[in-house]
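The next block holds one structure in the form of structure tokens; read it before the comments.
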Amino acid sequence: MKAEHTIDKPARAGRATQIAAMVITGLVAVIWVYFGRLYLIHDPGEWRIANQQLGYPLYIIPLIGVTHILGGVGLLIPNVPRLTEWVYAGLSIDLLLAFYSQLNGGGSTWDKLDPILVRVFVFVSYVVRRRVRASRWSI
């Protein structure tokens, strides 16, 4: 085995991990901002689901939209690890509460599993982003 193959392999893995972190985190942020926007523009479908199916009061729905947008934007801010950790914690709590709301509300089985699926994407984004940050500071 040639020495150059062993040297290039970790560098490519690092770049691949960085690209995966950017893509997954960008996807989560876009989804978060998109649904936050739907709550803020009073989308009839989302408001009906939130109010009638899940039982949220009408005055809380715009606040949910604002927090979704802030969470999505917070994911995209680079080089602020403490803020990023808090954003991921907030997203996790939000998805846990969304799952609980879906369990107690009506809807199909897919609706009940939707927060869990989104939570998987958030978790993968968190893990990959932590790996990129750890490799950046390691010697």
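Throughout, numbering of the chain's residues begins at 1 and tracks the sequence. Because the structure is a prediction, the values reported are computed rather than measured.
Put simply, the residue from Val118, Leu27, Thr67 that forms a side-chain contact (heavy atoms from CB on, under 4.5 Å) with Trp32 is Val118. A side-chain contact (heavy atoms from CB on, under 4.5 Å) with His68 holds for exactly one of Leu70, Val66, Ile64; it is Ile64.
With Thr25 contributing its side chain and Met22 its backbone, the two residues share no donor-acceptor pair below 3.5 Å. At least one donor-acceptor pair under 3.5 Å links the side chain of Ser101 to the backbone N or O of Leu97.
Two residues are said to be in side-chain contact when any heavy atoms from C-beta on lie closer than 4.5 Å; Phe123 and Ser92 fail this criterion. For the pair Gln102 and Asp114, the minimum side-chain heavy-atom distance is 4.5 Å or more.
When hydrophobic clusters are built by joining Ile, Leu, Val, Met, Phe, Trp and Tyr residues whose side-chain heavy atoms come closer than 4.5 Å, directly or via intermediates, Val132 is not grouped with Ile19. In terms of hydrophobic clustering, with Ile, Leu, Val, Met, Phe, Trp and Tyr side chains grouped at heavy-atom distances under 4.5 Å, Ile93 and Leu91 are assigned to different clusters. Leu117 is not connected to Phe99 by any chain of hydrophobic side-chain contacts under 4.5 Å among Ile, Leu, Val, Met, Phe, Trp and Tyr, and they are in different clusters. Follow the hydrophobic side-chain contacts under 4.5 Å out from Val28 and you never reach Ile116; the two are in separate clusters. Hydrophobic clustering places Phe35 together with Tyr88 (ILVMFWY residues linked when any side-chain heavy atoms are closer than 4.5 Å, directly or through intermediates).
Atom CG in Leu75 sits 9.0 Å away from atom CG in Leu83 (nearest 0.5 Å). We find the CH2-OH distance between Trp47 and Tyr39 to be 10.5 Å, quoted to the nearest 0.5 Å. Of the inter-residue distances, the one linking Arg48 atom CZ with Ile61 atom CD1 reads 11.5 Å to the nearest 0.5 angstrom. Taking CG of Leu54 as the reference point, atom CD1 of Ile60 lies at 13.0 Å (rounded to 0.5 Å). Considering CZ of Arg119 and CG of Leu113, their distance stands at 15.5 Å, rounded to 0.5 Å. Rounding to the nearest 0.5 angstrom, the gap separating the CD atom in Gln53 from the CD atom in Glu46 is 10.0 Å.
In plain terms, the two heavy atoms of Val128 and Thr17 that are nearest each other are CG1-O, 3.5 Å. Of all heavy-atom pairs between Val33 and Val73, the closest is CG2-N, 4.2 Å. Pairing each heavy atom of Gly72 with each of Ala29, the nearest pair is O-CB, 3.4 Å. Between Gly71 and Val87, the shortest heavy-atom contact is O-CG1, 3.4 Å.
Applying the side chain to side chain donor-acceptor pair (under 3.5 Å) criterion to Arg130, with sequence neighbours excluded, gives Glu85, Tyr126.
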